[in-house]
Every structure is written in structure tokens, then in C-alpha cells.
Protein chains: 2
Amino acid sequence: MPYLNKTAPTPEPVDCRILTAALDLFVNHGFHNVSVHDVQKQANVSIGSIYNHFGGKEGIARALYKHLLKEFEEMIEAIIAENPSSRECCNRIIAKLFEYTETRANIIAYMLHAKHREFLPDEPPLCSSTPFTAMRNVVQKGIDRGEIRQGDPWIMTASIFGGAIRMIHLRLDGIIDTPLPEYHEDLIEGIWHGMESG
Amino acid sequence: MPYLNKTAPTPEPVDCRILTAALDLFVNHGFHNVSVHDVQKQANVSIGSIYNHFGGKEGIARALYKHLLKEFEEMIEAIIAENPSSRECCNRIIAKLFEYTETRANIIAYMLHAKHREFLPDEPPLCSSTPFTAMRNVVQKGIDRGEIRQGDPWIMTASIFGGAIRMIHLRLDGIIDTPLPEYHEDLIEGIWHGMESG
DNA sequence: GTCTATACGCTGATAGAC
DNA sequence: GTCTATCAGCGTATAGAC
């Protein structure tokens, strides 16, 4: 979804204008604080078009969610396809997430911050979606290969990616001022070799 | 806030009934999907009472937030007051969070899951609130003492607590079936000694 | 497919009796 | 302080012309 980054509202197809506007508004004001009229206004479309294309506000949110989920999935699949070690695979996923946080903050914010269960009750929770399952599988394979400590795969996955996800939240909330990629090396070091000094 | 745990609606003071009902509804349906009438009904109070006590729905959310924040803060201060090493302090904080997740899930869910900025725009984000600052200070002291690796305190704090927070999310979302305290020991081990095998 | 105008339900909030 | 009844506004969704 390359077009979702651009802000120019006029020349692009209607669907994209709607999705772009909605993503921006949802992230900045929250799903429930945005009305269909807001989206309509910012996208320079009529309400009728919105209902024709997506069937309503929830339809927009769902389309957005599925689209971004797929993009996420492809990103992770691409990394796996390069066939690095499991550890390197985790490192690269974190690097990509950090990169996206800087360049495509809205996308990350929508996927990570939003409580989709609140307005998309039928969707499974993000953590049980394909990208997250893929991450868990990477870790599982690392355990099987002996690259990663033995233990419950949930703990391992949470331990490996938890710090990175936490930093993304902090960055999106404006607590951290430094671009995340600058922290990548130190973070990785801590994940694999522990936080104990010496 | 011990009374916030009990579910018996009748004999307790009005404020508590309102707060208890609101917490339950907010966590299970989301702030924006709950109307004042819903709270009124579940708390067995009239709408007038709600407006008298809290001035509206947002007032309830704010009271809830401040109350639980204070409780959090006291929990962490109590641990610090026991004067353990910085590492042990972190371990105990995680243990307490895990324990709360099992016994007082609503409280944890409200503090962690909810996007308070969406309906409490004047409140600072959770991560810059006193309890989280306290956690960061614990880590900072650990770095100064040489118990924790040198490095940016934000990375260190995120690395130490990120995995635990991630697991709490997974548990609250129903992805993890096992009570979190059972994972505590393994998680701690991984934090300090790294995820690398051997 | 796109638009405008309109309907209708719900929600937050108030007024005023008790 | 507590309650009931009521209001005004917003936000979703539809109807129907173009």
C-alpha cells in the first residue's frame, strides 16, 4: 500500500483517498472520535461514495486493518525468505519495525495502538494474526535449532520482541525523541546477551 | 482501592458502585461503547447521582484513572521501600504485575489496554506517569550501581519490562492460557542472562 | 458511481420535584 | 443527595436525483 503514505488528496482513486484520510484521522483522534462526515470532508468525497465503497465507518476500519495486516505479513515473509539465522531474522524484523515507525508512523500506530476489538469485534486479536504467528514460528524454529534458549515459545517471543514493541509505543507517544533505528544495535545486544552488567 | 474488586453491587457506597460498574463496563466494552445509562443501570443509581458525583462520563474515567494510578504508585513504592537490589526490585515489580493480572484483571486491563489520551486528553500518557517514571528510576539506579548494563535508560527499561508487559497483553487477550506467575522465573532468567542459548 | 438532503436513534447533559 | 422526565445535538445510515 504505497499510496497510503502520500498526503496529496486530489489525483488518486477514490478508495485510496478515503483510506488515507481515515487512517490519518483514526490515528490522530481515535476511531470513535471521528465521524463519517470528518472522513468525507478530508477525503473530498461524498458520504454516498463512502457507503458505496466500504458500507460505513466500520467497513473502512476493516479494510484498513486487513490491508495493513497483509503488508505486515509480506514484510515478514520477505525477511524469512532471505533465509538468515533465526536470531538474525528477529533482528531484521525489529529493524524493519523501527524503520517503519519513523517513515510510516501512522501505519504502525494504527496496528499497534488501536484497540481493534472495540470496533472490529469479529476480527481476531492482532497478536493471533498471521504476522505475529509468523514471528512466533521464527522463534520456535530458533529454539529447535538451538540458536535460542529452550523454553515456552510465548515467553521467548515476548522477551525478544517485547522491548522493541515497548520502545515503539514510547516513540509514538512522544516520550522518546531519538529515531528508533539509532537504538537498534544496543537493543539487540541486550536481547541476546542479557541486561546484567559484565 | 480494595472495594473495586468486589462485585456485590448493593451494600457499598454510591461512588464505589459507580466506579466498580464503570470499570467493568469500560474494560469489557470499551469506553466509547458504554453510555452513562449503561453505568447507571449496572450501578443501580440514577443518572443524577452520576453527574452529582463525577460530572459526567469523562469524570468517571478520570477518577478511575487517578485512583488506579495512585494504587500502582504505592505498590511500586512499597517494593522500593524494601530496599532490594535494583535487579531484585525489577523482578518483584514484574511479579506483582503478574499477580495483579490474575487477581485484578480489570484494573490492569484498564491501565494498560485503554487509550486514555482518546478520552482524557489532558492527562499525560501513562508511560510518563509516576509509576512508570519510578520504574525508570529503579533501572537508572541499577545502571549507576553497576548492576545493570550501561546504556540508554529508555532502552534498558523497555528491555527489562517490555517482555513482561507483552505477556500481560497476551494473557488479557486470551492468547496465553497459563497464569502468568508460572512464567515468572523463566522470564526473569531470560531478561538478565539473555535469550541466546548456551 | 457520485452527490445532496433527510430521517431517526442514541447519548450526553439538564431541570426541577422530592 | 437522589431521582425521573425531557431536551438538544450529533452521527449513522438511507433515499433518491443526477
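A, B, ... follow the sequence lines: proteins, then strands. Residue 1 opens every chain.
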Review point. Between C:dT2 atom P and A:I50 atom CD1, what is the distance in whole Å?
Key: 11 Å
**Study point:** A:S197 and B:R145, any side-chain heavy atoms less than 4.5 Å apart
**Key:** no
Review point. Hey, does A:M195 have a side-chain heavy atom less than 4.5 Å from the side chain of B:R87?
Key: no
Point to revise | Residue pairs passing the ring pair (Phe, Tyr, Trp, His ring centres under 6.0 Å) test where at least one lies in residues 131-190 of chain A, sequence neighbours excluded | key: A:H113-A:H169
Exercise for review: Mind calculating the distance between CD (A:Q40) and C1' (C:dT2) to the nearest angstrom?
Suggested key: 12 Å
Review point. Are B:E99 and B:K96 ion-paired here, with the side-chain N under 4.0 Å from a carboxylate O?
Key: yes
Practice item. Take the C1' atoms of the five end pairs on each side of the helix from C:dG1-D:dC18 to C:dC18-D:dG1, derive the two axes, and give their angle rounded to 10 degrees. Key: 0°
Review point. Over how many whole Å does the gap from B:K41 atom NZ to D:dT4 atom P extend?
Key: 14 Å
Exercise for review: Establish, from distance only, whether the side-chain atoms of A:N52 and A:S49 form a donor-acceptor pair under 3.5 Å.
Suggested key: no
Check your understanding: Using the ring of each side chain (for Trp, its six-membered ring), is A:F119 parallel, tilted or perpendicular to A:F31, with breaks at 30° and 60°?
Key -> parallel
Point to revise | Letter per nucleotide, 5' to 3', of nucleotides 11-18 of chain C [B base touched, S only sugar-phosphate touched, - untouched; heavy atoms, 4.0 Å] | key: SBBB----
Exercise for review: Answer yes or no: is there an ion pair linking A:E71 with A:R104, defined by an N-O contact shorter than 4.0 Å?
Suggested key: yes
Revision key, fill the gap. Rounded to whole Å, CZ of A:F54 lies from P of D:dT14 at a distance of 17 Å
Exercise for review: Could you label the plane-to-plane angle of the A:Y110 and A:H116 rings as parallel, tilted or perpendicular, counting under 30° as parallel and over 60° as perpendicular?
Suggested key: perpendicular
